[in-house]
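Accompanying notes for the structure given below.
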Number of protein chains: 4
Amino acid sequence: MSVGTRERILKAAKEEFSRRGYYRTQISHIVERAGVARGTFYLYFKGKEELFKELLLKTVSELRELIKPVELSRDPKEQVRENLERILRYALENEELARIVLFRACEPELSGPVREFLNSIVKLTEDSLKKGIKMGLLKEHDPHAVARAVVGAVKETVAGLIEEGGDPKELSEKLLSFSVGGLWRD
Amino acid sequence: MSVGTRERILKAAKEEFSRRGYYRTQISHIVERAGVARGTFYLYFKGKEELFKELLLKTVSELRELIKPVELSRDPKEQVRENLERILRYALENEELARIVLFRACEPELSGPVREFLNSIVKLTEDSLKKGIKMGLLKEHDPHAVARAVVGAVKETVAGLIEEGGDPKELSEKLLSFSVGGLWRD
Amino acid sequence: MSVGTRERILKAAKEEFSRRGYYRTQISHIVERAGVARGTFYLYFKGKEELFKELLLKTVSELRELIKPVELSRDPKEQVRENLERILRYALENEELARIVLFRACEPELSGPVREFLNSIVKLTEDSLKKGIKMGLLKEHDPHAVARAVVGAVKETVAGLIEEGGDPKELSEKLLSFSVGGLWRD
Amino acid sequence: MSVGTRERILKAAKEEFSRRGYYRTQISHIVERAGVARGTFYLYFKGKEELFKELLLKTVSELRELIKPVELSRDPKEQVRENLERILRYALENEELARIVLFRACEPELSGPVREFLNSIVKLTEDSLKKGIKMGLLKEHDPHAVARAVVGAVKETVAGLIEEGGDPKELSEKLLSFSVGGLWRD
DNA sequence: AATGAATGAGTGTTCATTCAT
DNA sequence: TATGAATGAACACTCATTCAT
């Protein structure tokens, strides 16, 4: 068989979870969509919760790999923009996973990996901001508060991309331009 | 009785929903916390879903009232900052409601009012940006993309305030300063 | 007050039970229709079941009183017809009670009084038939089987009167004529 | 397995419904009697009400098939008697179903199919009576009133057969003889 | 590896009844 | 007498999981 049973179930689960959320998605929805029997599901996954967490962990780990550390040898703004673009592109190409991470992981017991990921991104951003400030490149903002704001701006941009479509490259440029230059003309 | 039964149930429900989310919260959790009998719950609320929606609708409607339109007679930046401060203060004083709206309203059937609210705020922001651009006050950004980014920044700042604490006034200033002036020194 | 609270409740209960049946009728239906508070109901009745049984017992006892023993000094057929007419008239004037007894007393624990009443009427009819046979007035039918048939014919005629209306006197004549003379012309 | 799960549940349901009536019968009664788990019930039936209605519909449809139209080529009385016998025999062989239809289908929302069936039988009887009158075989009775009476007599005879036992053939003869010839000797 | 019938703990909701006022 | 807020036992139905085949 060209595509394994496990992959069929994973694909079906992504679709169902992203449409219905964790609690409204039933095992029967998943196995029907995957075209396998109920029992087969439990040959590949310990249960519904484990499967959901696996999807979350896989996604945040892939997202993490998309974020490359900024090197001093190249323009840092461009590198940040590339990171943004990669994330936006990933969300566009993995819409269901992005939807699950952004909108469907809200019960406390399930959202742990996502919250950790976001916190680590906030931390990463904060450290970069601190570095930029120290190097004199950035204004003297409160790095933590601004890091949260920036991460929030990115999250919402990703959400917008998923809901309304758009071009990852352009959006990354707009987001960067706003973050870097602010709104005010003067 | 100094405090009504309905209020006791509402308070307990806010606490439970904000801690456990909609699906993990059972009626028995709510009535036990409220110190009333199971049947009493149904004297005041049609059911679990209705109660949850009531909490969501009440919150977004209160949030909406906190946002005052910007008047031309005063400094617009200060008015925007006041709006931000009011929202942050509300979230701090109504932590449970804020947590429910931000983190616990994610199942598609329940999150409708919240999504509508956020979309309306994005629209409002977008219109303000357009006006500011037309008046020459703001740079020529894509108003829609930037509006999403700004709303995302606010959302995440609210989330940070709830999770880590902070001062609404200071945070509103930091948020405004970042949005207005951007990160870059030059 | 011209009409007592107890009577108001009884009246409301008759209406509700006859429309909805025992299980679909709730105490709240009865007290709302009666215009009294929930608690008041329990000042006058021990509970829902007791009230229902009271209605049944009252009705069958009133029905019983309508059936006069046949005297030898007058035409027996006319006396039977008068009994029938009285029963039909009672059903027409007490439609709700009749409906309850005929259609709404079907759960085993509730229908006891009605079944006993019907059995006693079958017995009464049977005895009359036996007497009539002994006196040479009636054909030599199986008295028990025929008594059931006759009682069934009366029951269904009462039901028809309630559902479709009609004149008690005429119906009693038709019923008697059928029972006495049968269908066959020859 | 020699007998299917669905049949086991149906059998148990017939027994419980016929003994306790619709509302007093709990799903737990049915599944315990059937020897299956609670959830198994819902694999085969949508719910308690649907199952009850299925039993009613099945029974009235089977009863309907037992009633053969009277042909002109044979003695009409004998054909009517055969119809009666078939119905009585069915009731005897399907005591639980007969008991449900006769005694347990009394709540307005549930009794619809039974009422329709009885009305159609009254109509059928009425039409036959009219034909008989037109052909000069029967006396000039009010066909509708007499049809109700006849159907009532049959119903009660069925009830008596179930409660007290008896021979379908003999009972059909007695019932016919009473209906055809009446009670009066002269 | 795959099936799908069977399981049973869990949960939202109802409604007759009580009791403090 | 009358009230009506409060009670809590009861019940239908769901659905993740198991297991014999």
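A, B, ... follow the sequence lines: proteins, then strands. Residue 1 opens every chain.
No donor-acceptor pair closer than 3.5 Å links the side chain of A/Lys155 to the backbone N or O of B/Lys155. Under a 3.5 Å cut-off, the side chain of D/Glu50 and the backbone N or O of D/Lys46 do form a donor-acceptor pair. Remark: side-chain polar atoms of A/Arg38 are not paired, donor with acceptor, to backbone N or O of A/Ile27 under 3.5 angstrom.
Considering C/Ile100, C/Leu57, C/Thr25 as possible partners of C/Phe52, the one that fulfils the side-chain contact (heavy atoms from CB on, under 4.5 Å) test is C/Ile100.
For the pair D/Leu51 CG and F/dC13 C1', the computed distance is 14 Å after rounding to whole Å. In this structure, CD1 of D/Ile30 is placed 8 Å from P of F/dA12, rounded to the nearest angstrom. For the pair D/Glu32 CD and F/dA12 P, the computed distance is 12 Å after rounding to whole Å. Atom CD in B/Glu16 sits about 15 Å away from atom C1' in E/dT11, given to the nearest Å. Rounded to whole Å, atom P of E/dT11 lies 10 Å from atom CZ of B/Arg24.
Aromatic ring pairs are classed by plane angle as parallel below 30°, tilted from 30° to 60° and perpendicular above 60°; the pair A/Tyr23 and B/Tyr23 is parallel.
Residue contacts for D/Tyr44: at a heavy-atom cut-off of 4.0 Å it reaches the sugar-phosphate backbone alone, with no base atom in range.
Side-chain nitrogen and oxygen atoms of D/Thr5 include at least one within less than 4.0 Å of the OP1 or OP2 phosphate oxygen of E/dA6.
Using the Watson-Crick or G-U wobble rule with both distances under 3.5 Å, F/dG4 pairs with E/dC19.
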Criterion side chain to side chain donor-acceptor pair (under 3.5 Å) on D/Glu62 and D/Tyr90, from CA distance to verdict
CA-CA 9 Å; D/Glu62 286 177 353; D/Tyr90 179 89; 2.4 Å; yes
Can you pull every protein N or O that's under 3.5 Å from an N or O on nucleotides 14-17 of chain E?
| residue | atom | partner | partner atom | Å |
| --- | --- | --- | --- | --- |
| E/dC15 | OP1 | C/Gln26 | NE2 | 3.0 |
| E/dC15 | OP2 | C/Gln26 | NE2 | 2.9 |
| E/dA16 | OP1 | C/Lys48 | NZ | 3.1 |
| E/dA16 | OP2 | C/Ile27 | N | 2.9 |
| E/dT17 | OP2 | C/Tyr42 | OH | 3.1 |
| E/dT17 | OP2 | C/Lys48 | N | 3.0 |
| E/dT17 | O4 | C/Arg38 | NE | 2.9 |

